[in-house]
Structure formats: C-alpha cells, structure tokens
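Positions are given from 1 along the sequence. Treat the numbers as computed from the prediction; the structure is a model and nothing was measured.
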Amino acid sequence: MGKPRVVVVRAKRALTHGYDADRGALRAMLAAGLAALAGTGDGVAGLRRYFQAGQTVGLKVNGLAGRNAATHVELVDELSALLQQMGIGGDRQVAFDRFASDLTASGFKLNQRGDSYRCMGNDALGYEEEPTVMPSTASRLARMLTERVDAVLNLPVLKQHMLSGMSGALKNQFGCIHNPNKMHLDKCDPYIAEVNALPAIRQKQRLIVMDALRPVVDNGPSYQPGMAEVANA
C-alpha cells in the first residue's frame with residue numbers, strides 16, 4: 001500500500017448566506033482536487049482511480065448536528081453528478097447516515113428510488129443480527145454497509161470534539177455501527193481505531209472528501225451558535 005495522499009483545495013466565497021454552498025465553486029474545487037489527487041486531467045478521470053462503473057457507492061455523510069454543521073447537500077449533489085458522468089448512475093449511489101431524521105434535519109431529501117441518488121438512514125435497512133467482535137468491544141454493522149454498497153466515499157465534516165479532540169473521517173465511521181454511544185469512553189480510545197480496522201469498513205472505503213467549508217471550532221461535535229467559522233471567507 002502506498003503512502004496516503006492529501007490534497008487541500010481552497011476557494012474564496014465558496015459559501016453564500018453563511019452556510020449554503022455555491023455549486024459552481026464546489027464544482028471547480030472538486031475538479032481541481034480530484035485531478036491533483038489522482039494525477040489526472042479532470043475530476044471524472046480522478047474518480048475512476050477509486051470507483052468502477054457498475055459498483056454501488058455509499059456516500060457516508062455526517063448529519064448528526066443538523067444543517068448548520070452537516071455535510072453540505074450541495075457537495076453530495078456535485079459528487080453524485082461526477083459519479084454519474086463516470087458511469088455510476090443515481091440508482092447505484094446511496095447517501096446514508098444513522099437516522100433518516102438526521103438526514104432530513106441536514107437538508108437531505110429521503111429517496112429510495114428515482115433518477116437521483118438514493119438517500120436513507122440506517123434505520124431503513126437496520127443492522128446485522130450478529131455482532132462483530134473487536135479487541136475491546138463489539139458492535140452490529142449497518143446492513144447498508146455490509147449488504148448494499150460495494151465501495152464507500154467518506155464525506156465527514158471537520159469538527160472539534162469535546163472527547164476525542166476532533167471529529168473527521170475516522171470518527172464518521174461511527175455512523176456505520178449500532179452503538180456509537182458505547183465508543184466514547186476514554187476519549188474514544190481505542191474505539192475509533194478498532195472500528196476503522198474492521199474489514200467491512202477498511203476494505204470498502206475508497207476515498208475521503210472532507211467538508212471543511214464551515215468547520216466547528218469549539219464545543220463540537222454538535223452545533224452551537226458562534227462555534228462554526230467560514231473557511232476562506
């Protein structure tokens with residue numbers, strides 16, 4: 001396995017009205033970031049390095065804190081459009097998180113059929129009957145992860161976390177287990193690492209696109225007024 005590669009893309013005025021994202025700015029940022037990450041000419045070619053036509057791709061968003069501190073719907077929409085251009089239709093894309101109520105509170109429209117990408121909470125399909133055992137704990141995995149999707153595009157939000165220090169790509173996978181409340185002892189150590197080492201998560205995650213447009217800088221991971229800052233305003 002090669003060394004991990006990180007690309008940071010910045011743009012002024014990527015947000016409008018404090019939270020809503022400018023779709024044109026996001027489109028340009030994704031094209032530049034994916035091309036730089038994969039060493040290709042454009043964003044579609046960049047995605048082809050990580051996903052294949054015919055796969056079902058899970059878009060693991062973060063909706064825990066609601067619209068003010070969630071993965072931007074506009075970002076998911078633009079990534080979905082790029083996936084469709086590379087041959088993965090909307091019927092093979094699923095945006096998901098723990099609860100349908102979290103998704104709707106974050107601005108997503110629940111959808112299990114149609115031309116657009118699917119969008120549903122883990123409460124739609126439930127969790128596996130048997131727990132998966134880890135060195136320090138055990139958990140039941142979401143059937144969305146184990147049965148529905150072939151590959152995962154992780155879309156976390158950059159947030160401060162009062163226990164673990166920060167919440168990002170690793171902790172976002174707590175949305176794939178049934179008992180994340182049990183994983184917060186001892187500042188989430190070693191639970192974050194153990195969850196991400198599970199084969200169903202480690203082997204299916206292909207790409208991370210961090211939403212750092214409006215990071216939560218304090219009192220996270222929930223949203224508190226005044227605790228989120230617009231990046232590159």
- request: Salt-bridge test for Arg27 and Glu78: reply yes if a basic N is under 4.0 Å from a carboxylate O, no otherwise.
  value: yes
Look only at the side chain of His72 and the backbone of Glu74, and say whether a donor-acceptor pair between them is shorter than 3.5 Å.
-> no
Next item on the list: Identify whether Leu110 and Val76 are in the same connected component of the hydrophobic contact network (ILVMFWY, side-chain heavy atoms under 4.5 Å).
Entry: yes
* Connected via hydrophobic side-chain network under 4.5 Å: Val209 and Leu158 -> no
Shortest non-hydrogen pair, Leu26 vs Ala21, comes out as CD1-CB, 3.6 Å
**Study point:** N/O donor-acceptor pair under 3.5 Å between Asn196 side chain and Leu170 backbone
**Key:** yes
Determine, step by step, whether Asp22 and Arg13 satisfy the salt bridge (Lys or Arg N to Asp or Glu O under 4.0 Å) criterion, reporting the C-alpha distance in whole Å, the side-chain angles of both residues, the deciding distance to 0.1 Å, and the verdict. CA-CA 8 Å; Asp22 182 278; Arg13 294 178 292 279; over 6 Å; no
Can you find a heavy atom in the side chain of Arg5 that is under 4.5 Å from one in the side chain of Leu37?
yes
Report task. Using a 4.5 Å cut-off on heavy atoms from C-beta on, say whether the side chain of Leu47 contacts that of Ile88. Result -> no
Note to self: Taking atom CD as the centre, does Glu229 end up with more than 12 heavy-atom neighbours from other residues, nucleotides or ligands that are less than 6.0 angstrom away?
What the structure shows: no
Practice problem: Could you give me the CA-CA distance, side-chain angles and deciding distance for Lys60 and Asp97, then say whether salt bridge (Lys or Arg N to Asp or Glu O under 4.0 Å) is met? | Solution: CA-CA 6 Å; Lys60 175 58 183 73; Asp97 203 7; 2.8 Å; yes
One should read off an interatomic distance between Gln93 CD and Gln84 CD, to the nearest 0.5 angstrom, of 5.0 Å
CZ of Arg10 to CE of Met29, rounded to nearest 0.5 Å, is 9.5 Å
d(Lys187 NZ, Leu163 CG) to nearest 0.5 Å is 8.5 Å
### Message
Between Pro135 and Glu194, is there a side-chain heavy-atom distance shorter than 4.5 Å?
### Response
yes
Side-chain donor/acceptor of Asp211 to backbone N/O of Asn62, under 3.5 Å: no
**Within 6.0 angstrom of Arg148 CZ, more than 12 heavy atoms from elsewhere** = no
Do Asn154 and Gln205 have side-chain atoms, one donor and one acceptor, less than 3.5 Å apart?
yes
In sequence, state the C-alpha distance, the side-chain angles, and the governing distance for Val57 and Val152, and then conclude on side-chain contact (heavy atoms from CB on, under 4.5 Å).
-> CA-CA 6 Å; Val57 176; Val152 172; over 6 Å; no
- Item | From CA spacing to verdict: side-chain contact (heavy atoms from CB on, under 4.5 Å), Leu75, Leu213 | CA-CA 10 Å; Leu75 176 60; Leu213 295 171; 5.6 Å; no
Treating Asp42 as the side-chain partner and Val44 as the backbone partner, does any N or O pair qualify as donor plus acceptor under 3.5 Å? yes
_Do Met210 and Leu83 sit in one hydrophobic cluster, given that two such residues count as connected whenever their side-chain heavy atoms are within less than 4.5 Å of each other, even indirectly?_
no
Check the hydrophobic clustering (I, L, V, M, F, W, Y; side-chain heavy atoms under 4.5 Å; chains of links allowed) and say if Val230 and Val73 are grouped together.
yes
Heavy-atom donor-acceptor pair, Ser106 side chain to Gly63 backbone, under 3.5 Å:
yes
Next on the checklist: Between Asn172 and Ser167 (side chain of the first, backbone of the second, donor and acceptor by atom type, cut-off under 3.5 Å), is there such a pair?
Outcome noted: no
All heavy atoms of Arg214 vs all of Leu15, minimum pair found to be CB-CD1, 4.0 Å
Modelled atom types, side-chain donor and acceptor of Tyr117 and Asp77, under 3.5 Å:
yes
Review point. Are side-chain heavy atoms of Lys171 and Pro180 found at a separation under 4.5 Å?
Key: no
side-chain contact (heavy atoms from CB on, under 4.5 Å) between Ser139 and Met183, intermediate numbers included = CA-CA 10 Å; Ser139 186; Met183 308 291 175; 4.0 Å; yes
Here the pair of heavy atoms bringing Cys119 nearest to Leu103 is SG-CD1, 4.0 Å
query = Can you tell me if Asp150 uses its side chain to pair, donor with acceptor, with the backbone of Thr56 under 3.5 Å?
reply = yes
All heavy atoms of Gly220 vs all of Val216, minimum pair found to be CA-CG1, 3.9 Å
Of all heavy-atom pairs linking Leu145 and Cys176, the shortest is CD2-CB, 4.1 Å
Between Met120 and Phe99, is any pair of side-chain heavy atoms under 4.5 Å apart?
-> no
- Indicate, with yes or no, if Phe108 and Met144 share a hydrophobic cluster defined by side-chain heavy-atom contacts under 4.5 Å among Ile, Leu, Val, Met, Phe, Trp and Tyr. no
OG1 of Thr104 to CG of Asp102, rounded to nearest 0.5 Å, is 7.5 Å
Practice item. Taking Asn111 for its side chain and Arg113 for its backbone only, find out whether a donor-acceptor pair lies under 3.5 Å. Key: yes
Kindly indicate, with the supporting measurements, whether the criterion side-chain contact (heavy atoms from CB on, under 4.5 Å) is fulfilled by Val61 and Phe96.
CA-CA 6 Å; Val61 301; Phe96 72 101; over 6 Å; no
Side-chain donor/acceptor of His178 to backbone N/O of Arg140, under 3.5 Å = yes
Checking the side chain of Arg143 only, and the main-chain atoms of Tyr127 only, is there a donor and an acceptor separated by less than 3.5 Å? yes
Residues Val133 and Ala138: closest non-hydrogen pair is CA-CB, 4.1 Å
Using a strict cut-off of less than 4.0 Å between a Lys/Arg side-chain nitrogen and an Asp/Glu carboxylate oxygen, indicate whether Asp20 and Arg67 qualify as a salt bridge.
-> yes
The reported gap from CD in Gln85 to OG in Ser80 (rounded to nearest 0.5 angstrom) is 10.0 Å
key: 4.5 Å side-chain heavy-atom contact, Val217 and Gln160   = no
Hey, does Phe51 have a side-chain heavy atom less than 4.5 Å from the side chain of Leu153? yes
- State, yes or no, whether a side-chain contact exists between Pro221 and Leu64 at a heavy-atom distance under 4.5 Å. yes
OG1 (Thr40) and CG (Leu34) are apart, to the nearest 0.5 Å, by 7.5 Å
**Asked** Is the CD atom of Glu130 crowded by more than 12 outside heavy atoms at less than 6.0 Å?
**Response** no
